[in-house]
Amino acid sequence: MNHSDQPDSSSRRPRHIAIIMDGNGRWAKARFRPRSIGHHAGARAVSTCIDTCLAEGIEALTLFAFSSENWQRPSEEVGALMQLLLRTLDREVGELHRRGVRLRFIGERSAFAPEIAYRMTQGELLTADNRIMTLNVAMGYGGRWDITHAARALAQDVADGILRPEQIDEARVAAKFPLHDLPEPDLFIRTGGERRISNFLLWHLAYTELYFTDILWPDFDAAALHLALAEFGRRDRRFGMTPEQAHAELKG
Ligand code: FPP
């Protein structure tokens with residue numbers, strides 16, 4: 001993961017998109033329906049988003065489906081989300097595999113029921129060799145959890161004598177994250193009107209372009225994603241450099 005991994009300046013297409021899919025509950029409320037109906041509509045929007053990213057040649061898509069904090073939601077809503085995840089996995093994994101998508105889950109897996117954790121692992125194993133696109137689904141995920149795990153893994157390496165503390169640098173920290181083999185997200189999208197990162201990919205979003213839209217997630221269709229891509233294409237990414245340096249690096 002480094003800045004030479006950024007998209008080439010001619011196309012200005014993100015290689016990696018990360019999305020907080022917010023607004024399912026409000027979408028349902030506006031229709032006088034239970035929140036679970038909003039999540040079902042949200043799952044359909046996930047399919048549309050994956051289709052669009054595949055059509056656009058996006059290499060990696062990371063979706064925040066369930067945060068570590070979402071466990072605190074009412075148990076009926078958590079249960080409905082888990083059922084939805086199970087059914088979506090059963091229905092979609094074969095099709096994702098056929099289309100060359102590598103599926104990965106990031107987050108604290110031990111918190112999930114064994115049948116769900118098993119299906120996650122099965123989906124990952126089936127699709128592990130696919131490279132058309134990587135779909136990371138963040139479940140039971142938090143950015144602080146991710147950083148804490150990386151710190152623990154480094155501490156373990158030091159304790160095992162394979163690493164000295166002074167050898168710890170940004171590259172070695174980055175290597176401990178589950179997304180270590182992908183370019184950092186170029187574009188972050190949050191639907192639903194809030195302008196927060198909400199403990200998503202805290203380490204990885206350091207130089208990501210942030211895009212916020214009031215559109216509720218179930219309404220986030222291909223046209224809405226194209227608007228975000230067009231806005232990304234107009235952004236001037238400098239990574240802390242002067243405009244001249246950044247443009248030279250982009251060309252090089
Ligand atoms: C946020 O909306 C959304 C969630 C907490 C769940 C996201 C789940 C899906 C999009 C569907 C399932 C996904 C997969 C990968 C199968 P919210 O409930 O916080 O909405 P609100 O802010 O309007 O209340």
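Note that ligands are numbered from 1 as they come in the structure, with each ligand's atoms numbered from 1 the same way. The structure displayed is predicted, hence computed values, not measured ones. All residue numbers refer to positions in the sequence shown, counting from 1.
Salt-bridge check for Arg44 with Asp221: failed, with every basic side-chain N at 4.0 Å or more from each acidic carboxylate O. Comment: Arg235 engages Glu231 in a salt bridge, judged by a side-chain N to carboxylate O separation of less than 4.0 angstrom. A salt bridge does not link Arg12 to Asp186: none of the charged side-chain nitrogens sits closer than 4.0 Å to a carboxylate oxygen.
With Asn199 contributing its side chain and Gly143 its backbone, the two residues share a donor-acceptor pair below 3.5 Å.
The distance between the ring centers of Phe112 and Trp71 falls below 6.0 angstrom.
Evaluated by nearest non-hydrogen atom to atom 20 (O) of ligand 1, the leading choice among Gly25, Gly42, Ala43 is Gly25. Summarising the contacts of atom 8 (C) of ligand 1 with Leu89, Asn24, Ile20, the nearest heavy atom is found in Asn24. Nearest-residue assignment for atom 16 (C) of ligand 1 (options Asn70, Thr88, Leu81; heavy-atom criterion): Thr88.
Between Arg73 and ligand 1 there is a heavy-atom distance shorter than 4.0 Å. Ligand 1 lies out of reach of Leu63, whose nearest heavy atom is not under 4.0 Å from it. Residue contacts with ligand 1 leave out Gly192, since none of its heavy atoms falls under 4.0 Å from the ligand.
Residue contact check: Arg26 has heavy atoms under 4.0 Å from atoms 21 (P), 22 (O), 23 (O) of ligand 1. Heavy-atom proximity to Trp217, at under 4.0 Å, picks out these atoms of ligand 1: 10 (C).
The protein heavy atom nearest to atom 4 (C) of ligand 1 is His39 CE1, 3.9 Å. The nearest heavy-atom contact from the protein to atom 12 (C) of ligand 1 is Leu84 CD2, 3.8 Å. Distance from atom 6 (C) of ligand 1 to its nearest protein heavy atom, with residue and atom name: Ala65 O, 3.3 Å. Protein heavy atom in closest approach to atom 3 (C) of ligand 1: Met21 O, 3.2 Å. The nearest protein atom to atom 13 (C) of ligand 1, hydrogens excluded, is given as Val46 CG2, 4.2 Å; this is a heavy-atom distance.
Considering all non-hydrogen atoms of both residues, Ala43 and Thr88 come closest at CB-OG1, 4.5 Å. For the pair Leu63 and Phe200, the tightest heavy-atom approach, listed with the atom from each and the gap, is C-CZ, 4.3 Å. Nearest heavy-atom pair across Ser198 and Phe64 is O-CE2, 3.6 Å. Of all the heavy atoms in Phe212 and Arg196, the pair that sits closest is CE2-N, 3.7 Å.
In terms of polar-atom proximity, Trp27 is not counted as a contact of ligand 1, lacking any N or O under 3.5 Å from an N or O of the ligand.
With a 4.0 Å cut-off on non-hydrogen atoms, Lys29 does not touch ligand 1 at all.
Ring geometry, Trp217 versus Phe220: the interplanar angle falls under 30°, so the pair is classed parallel (tilted spans 30 to 60°).
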